[in-house]
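Note that ligands are numbered from 1 as they come in the structure, with each ligand's atoms numbered from 1 the same way.
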Amino acid sequence: MKRIGILTSGGDCQGLNAAIRAVAKTLYNYYGTDGVEIIGIIDGYRGLIYGEHRKMSPENFSGILTMGGTILGTSRQPFKLMRVVDENSVDKVSEMKKNYKKLNLDCLVILGGNGTQKTANLLREEGLNVVSLPKTIDNDLWATDKTFGFQSAVDIATNVIDCIHTTATSHGRVFIVEVMGHKVGWLTLYAGIAGGADIILIPEIPYDIKSVIKTINARTESGKNFSILAVAEGAISKELAALPKKQKKAAISEMAYPSISYKIAKEIEDATGRETRVTVPGHFQRGGSPDAYDRVLSTRFGVAAAQLVIEKDYGKMVALVNNRVAAVPLEEIAGKLKAVPIDSEVVETARKIGISFGE
Ligand code: F6P
């Protein structure tokens with residue numbers, strides 16, 4: 001009897017349940033329902049550290065394809081604290097190894113984003129058999145063209161910009177839609193293009209507020225009574241970006257606004273006299289059903305991950321490379337962020353149709 005653990009870790013996203021379902025169905029189909037036992041680890045690595053898990057049965061994986069969130073629960077367990085004992089002197093890494101052994105697992109299937117993949121690699125280094133899947137609305141995982149969750153979040157953020165378009169036109173206002181993404185701007189870039197934003201600000205391309213204002217004024221002068229900005233949570237001005245890391249962090253945390261969008265809105269209003277509003281869809285972007293694209297991608301990834309388990313090809317993350325599902329060694333991807341290349345074709349596309357990046 002094979003015993004496979006499965007956990008979801010980090011921020012949730014659409015498609016987690018679809019991927020879990022695909023892993024389980026493939027394993028049950030291959031080994032038979034009597035030939036494999038699947039153990040659900042509760043709330044991500046926290047469950048592995050503190051021994052919270054439940055025995056799953058085939059029924060648990062039915063009817064979940066379209067469900068948002070994760071049936072296993074999730075939590076954030078920062079990688080940098082993994083080697084730090086907790087407030088009760090619990091050594092997390094050693095507890096995770098102990099629980100893996102206690103559960104008599106053949107392999108642990110891990111669904112997660114960047115931090116999760118780093119811990120998956122740590123567990124691999126510690127001798128555990130792991131296979132992982134790339135999830136996140138941020139699409140910032142190295143070595144995969146797409147992560148599941150991304151496209152569904154793009155759809156939601158695009159819909160927000162679409163809705164804002166109608167009210168912005170009626171009132172002749174400037175609107176900022178703040179899109180998730182502290183470190184990378186994939187989501188903002190795609191939703192911005194799809195929603196027809198006039199200005200897109202992403203962390204990879206620091207902005208000059210004077211250039212943003214110039215674009216808005218130019219639109220006003222040309223008779224356009226509204227402007228829409230898609231701004232990433234992590235958008236940063238050229239001045240801040242030029243600061244040393246520590247000073248930059250301090251300046252961001254001392255900012256007298258709830259988020260960067262509100263600061264930009266104030267600067268626009270002061271400089272142009274135009275009414276400027278901010279909309280922050282926030283976690284709305286991570287909620288609800290996965291779209292059709294993510295259901296398919298999650299299913300492809302889930303099947304490929306189960307195949308790695310069956311072939312005992314451990315220590316790898318499944319990935320989408322040139323539209324084919326592949327497997328990449330965890331040590332090659334752990335800790336690497338996939339930012340938007342500023343000279344990429346998609347950025348150029350936006351520039352060529354006149355979208356400003358506030359440079
Ligand atoms: O990593 C996914 C993500 O949604 C980011 O886009 C966002 O900045 C962050 O998580 C929010 O984290 P939390 O859910 O912990 O507030």
**Asked** So which residues, sorted by chain and number, lie with a heavy atom under 4.0 Å of ligand 1?
**Response**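 Contacting ligand 1 under 4.0 Å are Arg76, Ile137, Asp138, Met180, Gly181, His182, Glu233, His283, Arg286.
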
Have [X] and [Y] got a donor and an acceptor in their side chains that come within less than 3.5 Å?
X      : Y      : value
Glu345 : Thr349 : yes
Thr220 : Asn217 : no
Tyr50  : Asp86  : yes

**Asked** Any donor and acceptor pair, going by atom type alone, linking the side chain of Arg3 with main-chain N or O of Leu103 inside 3.5 Å?
**Response**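 Yes, Arg3 side chain to Leu103 backbone: donor-acceptor pair under 3.5 Å.
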
**Item:** Test applied, side-chain hydrogen bond (donor to acceptor under 3.5 Å, both in side chains); reference residue, Ser9; option that passes from Asp43, Thr119, Thr70, Thr116
**Value:**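 When Asp43, Thr119, Thr70, Thr116 are each tested with Ser9, the side-chain hydrogen bond (donor to acceptor under 3.5 Å, both in side chains) holds only for Thr116.
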
**Item:** Sidechain N-carboxylate O distance under 4.0 Å for Arg351, Glu359
**Value:**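 Salt bridge flag = yes for Glu359 with Arg351.
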
